[in-house]
Number of protein chains: 2
Amino acid sequence: MYDEAMNAPVKTSDLTRQTLLEAAFAEIHRNGFQAASLTQILADTGLTKGALYHHFPDKKALGLAVVEEVIRPRLAAMMFEPLADTRQPLAAMQALLAAKAAEDDPMVVTLGCPLNNLMQEMSPVDESFRQRLNEVFEAWVAVVAAALKRGKTAGEVRRDVDAEATAFFIVSALEGCVGMSKNTQSVAAYRSCLAQLGRFLDTLREP
Amino acid sequence: MYDEAMNAPVKTSDLTRQTLLEAAFAEIHRNGFQAASLTQILADTGLTKGALYHHFPDKKALGLAVVEEVIRPRLAAMMFEPLADTRQPLAAMQALLAAKAAEDDPMVVTLGCPLNNLMQEMSPVDESFRQRLNEVFEAWVAVVAAALKRGKTAGEVRRDVDAEATAFFIVSALEGCVGMSKNTQSVAAYRSCLAQLGRFLDTLREP
DNA sequence: CTTGACACATACCAACCGGTATGTATGATG
DNA sequence: CATCATACATACCGGTTGGTATGTGTCAAG
């Protein structure tokens with residue numbers, strides 16, 4: 001069996017590892033890390049503890065691997081990549097918000113953002129978790145900040161906006177909208193909140 | 001022993017109940033509800049399970065009582081009351097943000113907002129929790145929305161702002177700022193994020 | 001053909017959890 | 001003074017958890 005893209009051998013061992021990571025991601029997304037049950041993960045995958053503890057030394061390592069190998073790439077593909085080279089970050093972000101709002105039955109309203117959920121739960125409890133999560137979060141902020149700076153030189157964004165602080169706020173407000181919508185369980189509130197964030201983005205536009 | 005304000009007898013029973021609630025609040029604030037240990041709460045208070053299960057039928061009832069009798073009043077005193085009758089909600093909220101930013105070593109950066117923490121953790125997991133928490137949250141939004149409406153008639157707030165949607169966003173963004181700052185564990189980031197929220201509030205001002 | 005490392009499966013364990021059953025001191029009431 | 005509910009304390013229980021020790025099949029190397 002060969003991986004067509006990488007043209008490298010795909011060991012079944014890597015497959016089971018990936019299976020464990022995906023199941024762990026889902027379980028953690030549903031119940032949080034501390035309440036996530038290894039037994040449930042194994043039941044979902046049909047694997048056993050032997051497999052799990054062969055690939056991961058303990059539960060914490062599994063959780064950190066989920067952050068690095070599942071959450072981070074997903075976030076990068078969904079949120080980083082669309083802003084990677086834009087000179088019109090405001091337009092790009094508005095399009096992003098519109099796309100997110102257009103989803104019907106967004107899972108983010110039901111279960112929230114996997115990254116945000118873990119940050120809220122684990123940051124005060126476990127320092128190494130906090131560090132890994134913070135790296136992902138700050139990478140996100142950095143992507144937005146860089147896009148805003150390019151927007152400033154390109155004339156889309158006002159010169160007086162503080163790129164870093166504004167980027168931090170934008171990501172924070174977005175996560176806030178997701179979190180509150182998760183609580184109200186209302187897609188309408190979710191869309192309305194995203195629209196308000198869009199209004200804020202408009203205030204950054206060079207007149 | 002008498003309560004001076006109410007002029008009603010203060011039973012020691014009510015005192016131990018209050019002790020349990022405060023300890024439970026602290027434990028839940030530190031570890032979340034599901035990870036909160038009843039044993040730890042009892043160790044903190046010096047009480048025993050007999051006392052706990054005399055006052056509360058089970059752990060869930062204790063958690064809900066914490067929401068109703070600790071979190072809600074605290075939030076009301078801190079966030080609702082300053083906006084209760086203002087005709088200049090923007091000025092009042094700016095003052096509120098400034099006051100929060102002025103705190104040195106705000107616990108909210110270390111452990112986050114108790115309400116938001118519980119919402120993020122419990123909303124997808126337990127429906128009755130979600131409902132109680134949502135009542136508190138929507139009461140908060142309603143207070144902000146009412147203040148914004150008064151600001152519109154008083155001429156401080158632009159006529160074209162959607163009071164409900166804007167209020168929802170303001171609270172969401174605030175909780176987002178708190179949550180992200182908890183993750184970065186940075187007071188500076190916290191203050192910067194609040195300042196950006198202040199910038200958004202300025203855009204609502206009637207020119 | 002043998003050996004041995006890898007990739008799991010099975011069986012088991014101590015610790016802790018929320019919850020309960022029962023005992024007991026106190027204080028109000030008749 | 002007797003009674004009885006209140007307000008706890010103590011002891012205990014079944015279930016679940018993360019983690020481990022050991023067994024087993026497979027497969028590549030020598």
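Chain letters run A, B, ... following the sequence lines, proteins first and then strands; every chain starts at 1.
Under the 30°/60° scheme for interplanar angles, the aromatic rings of A:Phe137 and A:Phe168 are found to stand perpendicular. Aromatic ring orientation, A:Phe33 versus A:Phe129: tilted (interplanar angle from 30° to 60°). Relative ring orientation between B:Phe169 and A:Phe169 is described as perpendicular, the plane-to-plane angle rising above 60° on a 0-90° scale split at 30° and 60°.
Put simply, B:His54 has no side-chain N or O that comes within less than 4.0 Å of OP1 or OP2 on D:dC8. Phosphate contact (OP1/OP2 of D:dA7, side-chain N/O of B:His55, threshold under 4.0 Å): absent.
Formation of a donor-acceptor pair under 3.5 Å by the B:Glu156 side chain with backbone atoms of B:Arg205 is not found in this model.
Rounding to whole angstrom units, CG of residue B:Asn31 and C1' of C:dC16 are separated by 14 Å. When the P atom of C:dC6 is taken as reference, atom CG of A:Asp14 falls 14 Å away, rounded to whole Å. The nearest whole Å value for the distance from the CZ atom in B:Phe56 to the P atom in D:dC8 is 11 Å. Atom CG of B:Leu42 and atom C1' of C:dG19 are 12 Å apart (whole Å). Regarding B:Leu52, its CG atom lies at a distance of 10 Å from the P atom of D:dA9, rounded to whole Å. Nucleotide C:dC6 holds its C1' atom 15 Å from the CZ atom of A:Arg17, rounded to whole Å.
In this structure, B:Leu62 CG and B:Ile28 CD1 are separated by 5.5 Å, a value rounded to the nearest 0.5 Å.
Taking a 6.0 Å sphere around CZ of B:Arg150, one finds it holds more than 12 heavy atoms contributed by other residues, nucleotides or ligands.
Side-chain contact check for A:Asn134 and B:Thr184: no donor-acceptor pair (N or O, by modelled atom type) lies under 3.5 Å. Residues A:Gln120 and A:Asn116 have side chains that bring a donor and an acceptor to within less than 3.5 angstrom of each other.
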Which atom pairs link the protein and nucleotides 15-19 of chain D when you take only N or O atoms and keep those under 3.5 Å?
from   : atom 1 : to      : atom 2 : distance (Å)
D:dT17 : OP1    : A:Ser37 : OG     : 3.3
D:dG18 : OP1    : A:Ala36 : O      : 2.9
D:dG18 : OP1    : A:Lys59 : NZ     : 3.0
D:dG18 : OP2    : A:Leu38 : N      : 3.2
D:dG18 : N7     : A:Lys49 : NZ     : 3.0
D:dG19 : OP2    : A:Tyr53 : OH     : 2.9
D:dG19 : OP2    : A:Lys59 : N      : 2.9
D:dG19 : N7     : A:Lys49 : NZ     : 3.0
D:dG19 : O6     : A:Lys49 : NZ     : 2.9

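Comparing the local axis fitted to the first five base pairs of the helix from C:dC1-D:dG30 to C:dG30-D:dC1 with the one fitted to its last five gives a bend of 10°, rounded to 10°.
Pairs passing the salt bridge (Lys or Arg N to Asp or Glu O under 4.0 Å) check and including a residue from residues 33-62 of chain B, sequence neighbours excluded, read B:Arg30-B:Asp44, B:Lys60-B:Asp126.
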